[in-house]
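Structure record follows, encoded as structure tokens.
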Amino acid sequence: MAPWRSSRWFDRNDEVGFNHRAALRSEGFTPRSFQGRPVVGICNSWSELNNCNLHLRTVADAVKRGVWAAGGFPLEFMTISLAEELMMPTAMLYRNLMAMDVEEMIRAHPLDGVVLLCGCDKTTPAQLMGAASMDVPCIVVPGGPMLNGRWKTQPMGSGTDIWKTWDERRAGRVSDEKWEELEGSIHRSAGHCMTMGTASTMTSLAEALGMTLPGAASIPAVDSRRYANAESSGRRIVELIKENIRPSQVMTPLAFENAIRVLAALGGSTNAVIHLIAIAGRLGISLPLSKFDELVSNTPTITNVQPNGEFLMEEFYYAGGVPAVIKELLPLLHGNELTVSGTTHAENVKDVECFNTDVIRPRSRPVCPGGYLAALHGNLAPNGAVIKASAASPGLLRHTGRAVVFERYEEMLQQIDRPDLDVDESCVLVLKNGGPLGGPGMPEWGQIPIPAKLLKRGVRDMVRISDSRMSGTSYGTVVLHISPEAAAGGPLGVVKNGDSIRLDVEKRRLDLLVSDEELHNRLQSHRPQYKQFRRGYYSIFLERILQADRGCDFDFLVGEPGEVPYEPIVGRS
Ligand code: FES
């Protein structure tokens, strides 16, 4: 009997085993194709609704080549795919649904190991969460970033350059013609956003966690080496199954510390904080915000890629990619952590070189010496908040200003450009009800637009605070992920127009400047509200979602990885 999980399906000497084998033979396979071979699931987030992952069917073909060559039996399957650009109100609302899809598809099927094909922002954490919960051998094959955007001779970064151009357009400085041309110049191929936004951050962190082959994260989507990496990953998953190396042996508490340091070195997306907490939670590992603050504060940001820096992901790859970052960071990392390659990070980067020290800087010449991201607390954020300090205006990192409050996103959109809005550049813009419950799904509303009348006067940044998230490609003095959120009864919900708010990043504080008694009285009389949904996924979401400081996972999915303790029940039609 084969030692693998799939033997429970195929090695049964009864009518149930007969039906399982007959099902594969109906696809045209002979028993020699699958009997005695480990079965490799290729978990594909391809979808025509997701332009970032549009090439993943072709990547899957390359994975299959490797699996066959190594003596495995590949079976590709689809899950839902989460497209950042097309999903409303936000792809984040569905991250946990996709994670459940991945987990249950693996659980229900005769799979001994899985290759995870991801790319767009939420697809990588969702697959890692689901795979961590099942804890069968896995390897991640990212789809890679798209080609650099280019308008005429000018490189254009996903998100980052578009947000900047949008502000210029609102200030009346960008013509209709240029705006229309940009629409056709920004996304020039399949692949995910080519700034160090959430997608590039999360695939890089999959590599830092040890869940990809070395160098996999940043190979451009259209580069032939993307397919060579996929074939190698197909070969490697067969060995991983034979060696029985599971995600829980790779994604250890020390591996998460490595990932946090690499996040800091990349100057990566704030969204990664939520996703890392959620992935770790699936393995029973606690990652408090204080752990991020502790590790990030003494890790230099060495990656000079938008939105923190100048370059784009193609240049990052040509400079050496994540292996070059890990090599430079190695004295700060747990180099002996195992990766899915079967070797350690230290072994993997032994001969790695950096080919462009403008793009991946030495630690002695960082983009930011440490603390690119800070975890804040205070009476406005009892359970925490985050700010990407490296993307903020230095002069605003310590600031007290008058609150201009928007109760809801729609209200903010209606009012922000009104000429009579009572606001100046010293004010603090406050957006409530953008959190996990309030959104719902914690949309990327946190980079509140600068009011048009201030844009016209040349103002490009203000302090903005919310319980929402922002795109990994965004920038500005933006406090995010305030927890508990307004809709959950957090103090953000009782901020009033005209209140004073103090941000002090050095002291890691965010405070509403009212007395404790006043705050207590306001909270006592406050009745938070959020939209109710009585049916379907929304109702489960609102009932079981955790707050941002706990990764926005469902409470019933945290911890306890592995098989559920029952035999598969077989149904027949
Ligand atoms: Fe898919 Fe940016 S929209 S990664």
Side-chain angles (χ1 to χ4, degrees), residues 44-57 59 79-95 98 116-128 140-150 155-166 182-207 212 216-223 226 263 266-272 274-275 305-308 312-314 316-317 322 391 441-447 469-475:
N44 202 337
S45 56
W46 170 89
S47 165
E48 286 186 338
L49 292 171
N50 190 346
N51 60 301
C52 301
N53 294 10
L54 201 59
H55 57 313
L56 292 184
R57 294 298 309 278
V59 174
T79 64
I80 59 166
S81 185
L82 307 180
E84 207 60 29
E85 301 288 21
L86 290 181
M87 294 188 85
M88 298 276 268
T90 167
M92 183 63 181
L93 180 65
Y94 298 99
R95 184 202 61 181
M98 181 172 171
L116 303 164
L117 305 192
C118 55
C120 196
D121 292 17
K122 307 298 177 297
T123 56
T124 306
Q127 288 187 339
L128 281 170
V140 174
V141 176
M146 62 178 77
L147 291 172
N148 287 354
R150 185 166 283 268
M156 297 291 294
S158 314
T160 309
D161 279 324
I162 297 305
W163 315 136
K164 286 181 182 158
T165 313
W166 176 235
L182 284 174
E183 198 175 287
S185 312
I186 189 71
H187 295 162
R188 295 170 52 230
S189 73
H192 59 71
C193 290
M194 74 332 245
T195 40
M196 191 54 78
T198 304
S200 300
T201 301
M202 288 313 302
T203 55
S204 298
L205 296 188
E207 186 168 336
T212 73
S218 53
I219 308 168
V222 296
D223 193 305
R226 165 64 51 211
L263 170 66
L266 298 172
S269 166
T270 46
N271 289 322
I274 293 175
H275 297 320
V305 173
Q306 289 189 25
N308 273 323
L312 296 170
M313 287 301 288
E314 268 188 76
F316 180 68
Y317 173 61
V322 175
M442 211 178 176
E444 292 181 337
W445 294 339
Q447 193 192 28
R469 298 178 300 117
M470 75 173 180
S471 163
T473 61
S474 295
Y475 52 87

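Since the model is a prediction, treat every value here as computed from it, not as a measurement. Each ligand, and each atom within it, is numbered from 1 in the order the structure gives.
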Exercise. Do Asp121 and Leu82 have side-chain heavy atoms sitting under 4.5 Å apart?
Worked result: no

What are the two closest non-hydrogen atoms of [X] and [Y], and how far apart are they?
X      : Y      : result
Leu49  : Leu86  : O-CD1, 3.3 Å
Arg188 : Met146 : N-SD, 4.4 Å
Asn53  : Ser45  : ND2-OG, 2.9 Å

Exercise. Cut-off 3.5 Å, side chains only: do Arg226 and His55 have a donor facing an acceptor?
Worked result: no

Problem set entry | Residue pair Leu312, Gln306: steps toward the side-chain contact (heavy atoms from CB on, under 4.5 Å) verdict | CA-CA 6 Å; Leu312 296 170; Gln306 289 189 25; 3.8 Å; yes

Seminar exercise, completed: If you count every protein N, O or S atom closer than 2.8 Å to atom 1 (Fe) of ligand 1, you should arrive at 2

